[in-house]
Amino acid sequence: MTQATSEATISRRGDIQRWSRTLIPTAREAPADAELPSHRLLVRAGCIRRLTAGVYDYLPLGLRVLRKISQIVREEMDAAGGSELLLPALCPTELLKETGRAEDYGDLLFRFEDRHGRDSYLGPTHEEVITEMARSAITSYKQLPLNLYQIQTKYRDEFRPRAGLLRGREFLMKDAYSFHLSIDGPGGLEEGYDAMYQAYVRIFTRCGLDFSVVEAEAGPIGGSASHEFMVNCETGEDTIMVCPETGYAANVEKCEIGDRGAPEQGWFAGDPSGDLEEVHTPDCPGIEDVCKLLKVKPRHMLKTVVFHATDDDAPARWVIAVVRGDQDVNEGKIRDAVGGGVALADVEKAKKAGFAIGYVSPRAVKLDGVLMLVDPDAAAGIDADKGKPMFWVTGADKKDHHVKHFNWARDLGVDAASAANVRVASIRNAAAGDPSPRAPGATLEARRGIEVGHIFKLGAKYSDAMGFAIMDETQQRKSVIMGCYGIGVSRAMAACVEMSHDDNGIVWPAAVAPYHVIITLMRPDDASHAQAAAKLAAELSARGLDVLIDDRAERPGVKFNDADLIGVPVRLTIGDKALAQNGVEFKARSDTGKGELVPLDDVVARCAASVFE
RNA sequence: CGGGGUGUGGCGCAGUUUGGUUAGCGCGUUUGACUGGGGGUCAAAAGGUCGGAGGUUCGAAUCCUCUCACCCCGACCA
């Protein structure tokens, strides 16, 4: 923790709340549909409740955590030169026409008509809204660079909301946008992006999260470069690839694969593994179905995926991508290999062009206007491990049929090694065990993560689309260069729990804990005990600590268990035993022991030391 | 969107196959007593049109039809 922040915390008076006067509905059992620890524990601890799919109430305890995280975000954003604002969540869909993102977002967008029939949406992110504001409010290069951010509820109509707060349809997000006159140099995008990168590292560090920064795809937001901030956690939805030698880390979609090298005999070379055999595979367009029916492993399948070029001047109208059945085609890498835009082919159009969708084989390369990309692993004619001819199963280019013993040299119908419209290229997602792109000899490892932050270099994508340009000092009209930077605040809260809990409940990192100290009253009806608690709470508050006094008329066991469940970092127990010795019992949530007796005079300092470290 | 599953007091479940009186159980809640340092004991009580609509039947949580909600798995990879 930096000097500035601990001073800020100390100068603030801590909150004091009594359990009996707030609402913390703890429960012994979680709802049956809650599976992940963060979901179960946040509900059991009385932090959140589900209203409907992917939409949650934040009860007092949960809101306190959201506020703590938000405050850390604010402090670091402000320190990095940002200014907070608040944009509308209710937006006119007209705005999205300028960038075409109404289509890009599709069903993910919550859209509706108002009473006048005007098309509206609830903001899933705010590039267009802020650009619309900025293009009229920012009129001079002298106003740049500028960084504006907001903390706001966002709406995305997810196909499948899941895992409590980790993927909701309504969630709290910090989104920031930076504006620059140039990419490089002082005040440029690179500088602003780097400042945000550093701010994010500080934010997630302060939140007590164990995270990795990885290179990522920009996705529908667009732009040239991006990084994701991933909480390292096995229950995460995202797969990240890591090179243990160099520290290179990337989202699986983005991850490059090191040189896999051509086989000695060359691509496509090798004798057939047997006679080409056509087999009837009714209703088996998928790899999995075929494998089950024919009893072959996916790694022996050749998967042929049909794309069409989206650029008018593309070298070929169709692009077919061939990868091994156990691997995944990567659209971004295909785009790079082709050198132009591609999109998955429309099924009906592709069928008309002669592709037996569901049963396409590499032989479709013979159709008109086709460029074939083959991944190195799929271009092998010889099984290097076994030193035998590669056994390939692929489509038969007609409905409900596949072929066994496909051989590149014998069965393709053209000489793949020399044909102009056949290329070997790395076009699949990286997988564990692939060679590292950064260190020869090293192999990539796969890990799981929860994406809590994502930063993008947008460039002029939105300013060009929406006519946001200003005069520079040489009176040249220039597109404003933008960056955007998101943090899932509510998701970060869930990630904290996912990362930090035990059998008894949540173990909040002190910086985001709803309260720093819980004072458990053994006998709340005893006036002297209640007085001691009030006095202690006031002293702790003066020291900047947030205090929850458990004054409920419950049995001790219930209170201890609840204190553990809601995860307050320090528990002080006031009872006859300790009070008789002029002390209280001190126990850190992260300690497993029984706690220790601390003299009343020392306990405030002890708590502060424990919380502020 | 495809596949699978679940809807019964606040939470977790039984009962549905084979229709049959006032729909049960545990937790929680309320009241009282006894208790009092890791989810106590005893006694009493409140709380459910069995997701909704329609149908079959003397009779429906249970059978039929439609519908709604929610959960899990999968997925622009054919």
Side-chain angles (χ1 to χ4, degrees), chain A residues 25-36 39-40 43-44 46 49-55 104 106-107 158-164 169 220 253 281 283-290 298 301-308 319-331 333-334 342-348 350-351 355-361 364 375 378 394-395 397 399-400 402 427-429 503-505 520-526 529 550 552-565 571 573-579 584-585 587 592-595 597:
Chain A
T26 56
R28 285 177 87 150
E29 286 182 280
D33 53 45
E35 296 197 328
L36 291 190
H39 189 188
R40 297 178 58 83
V43 173
R44 284 190 54 212
R49 296 222 157 187
R50 203 194 73 224
L51 176 64
T52 182
V55 179
D104 290 354
D107 292 337
E158 294 284 349
F159 281 126
R160 191 154 90 79
R162 56 179 289 273
R169 297 193 298 165
E253 304 269 300
T281 52
D283 301 318
C284 289
I287 295 286
E288 221 168 280
D289 302 323
V290 180
M301 298 281 305
L302 288 176
K303 180 157 67 179
T304 309
V305 185
V306 182
F307 292 84
H308 75 264
V319 176
I320 61 176
V322 184
V323 300
R324 234 165 55 187
D326 60 330
Q327 299 174 334
D328 294 317
V329 168
N330 183 300
E331 210 172 302
K333 291 179 182 179
I334 289 174
V342 294
L344 204 63
D346 178 81
V347 172
E348 291 312 314
K351 279 184 178 166
F355 296 100
I357 295 298
Y359 307 89
V360 180
S361 88
D375 186 76
T394 190
D397 295 299
K399 189 169 161 50
D400 294 339
H402 282 78
I427 53 164
R428 64 166 174 85
N429 283 352
D503 291 346
N504 298 324
T520 302
L521 280 168
M522 295 305 301
R523 291 175 45 197
D525 53 331
D526 184 313
H529 289 201
D550 188 354
R552 295 174 299 168
E554 291 288 349
R555 295 176 61 84
V558 173
K559 296 171 121 177
F560 290 146
N561 280 314
D562 271 350
D564 286 349
L565 178 59
R571 188 186 79 201
T573 307
I574 293 187
D576 288 324
K577 281 187 202 167
L579 231 40
V584 296
E585 185 187 295
K587 182 183 170 302
T592 45
K594 268 280 182 188
L597 189 72

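Reminder, nothing fancy here: chain letters follow the sequence lines and each chain counts from 1. Heavy atoms only: backbone and side chains are in, while hydrogens, waters and symmetry mates are out. These numbers were taken from a predicted model, which means no experiment stands behind them.
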Review point. Taking atom C1' in both B:G15 and B:G26, what distance in whole Å separates the two?
Key: 15 Å
Revision key, fill the gap. Of the candidates B:C11, B:C73, B:G39, the side chain of A:Arg162 sits closest to B:C73
Practice item. Ignoring the backbone of A:Thr52, work out which of B:A69, B:G38, B:C73 is nearest its side chain. Key: B:A69
Review point. For A:Glu35, which contact category applies under a 4.0 Å heavy-atom criterion: base, sugar-phosphate, or nothing?
Key: sugar-phosphate
Review point. So, is A:Arg555 near the phosphate of B:G40, with a side-chain N or O under 4.0 Å from OP1 or OP2?
Key: yes
Review point. In Watson-Crick or G-U wobble terms, both distances under 3.5 Å, what is the partner of B:A43?
Key: B:U31
Check your understanding: Can you find a side chain N or O atom of A:Arg160 that sits less than 4.0 Å from OP1 or OP2 on B:C73?
Key -> yes
Review point. If you look at every strand shown and take non-hydrogen atoms under 4.0 Å, does A:Arg44 touch a base, only sugar-phosphate, or nothing?
Key: base
Exercise for review: Give none if B:C11 has no partner; otherwise give the nucleotide forming a Watson-Crick or G-U wobble pair with it, both distances under 3.5 Å.
Suggested key: B:G26
Check your understanding: Nearest nucleotide by nearest heavy atom, which residue falls closer to the 5' end of RNA chain B, A:Ala578 or A:Val329?
Key -> A:Ala578
Exercise for review: Could you please name the option among B:C73, B:G39, B:G26 that lies closest to any side-chain atom of A:Glu29?
Suggested key: B:G26
Practice item. Please tell me which of the listed nucleotides, B:C71, B:G74, B:G38, lies nearest to the side chain of A:Ala53? Key: B:C71
Check your understanding: Ion pair present between A:Asp375 and A:Arg324, side-chain N to carboxylate O less than 4.0 angstrom?
Key -> no
Exercise for review: Mind checking A:Ala321 for me? I need base, sugar-phosphate or nothing, with any heavy atom below 4.0 Å counting as a touch.
Suggested key: nothing
Study note, to complete from the structure: Regarding the side chain of A:Arg50, the nearest nucleotide among B:C27, B:G12, B:C71 is B:C71
Exercise for review: Looking at every strand, decide which applies to A:Thr520 at a 4.0 Å heavy-atom threshold: base, sugar-phosphate, or nothing.
Suggested key: nothing
Revision key, fill the gap. Among B:G39, B:G12, B:C71, the one nearest any side-chain atom of A:Ala32 is B:G12
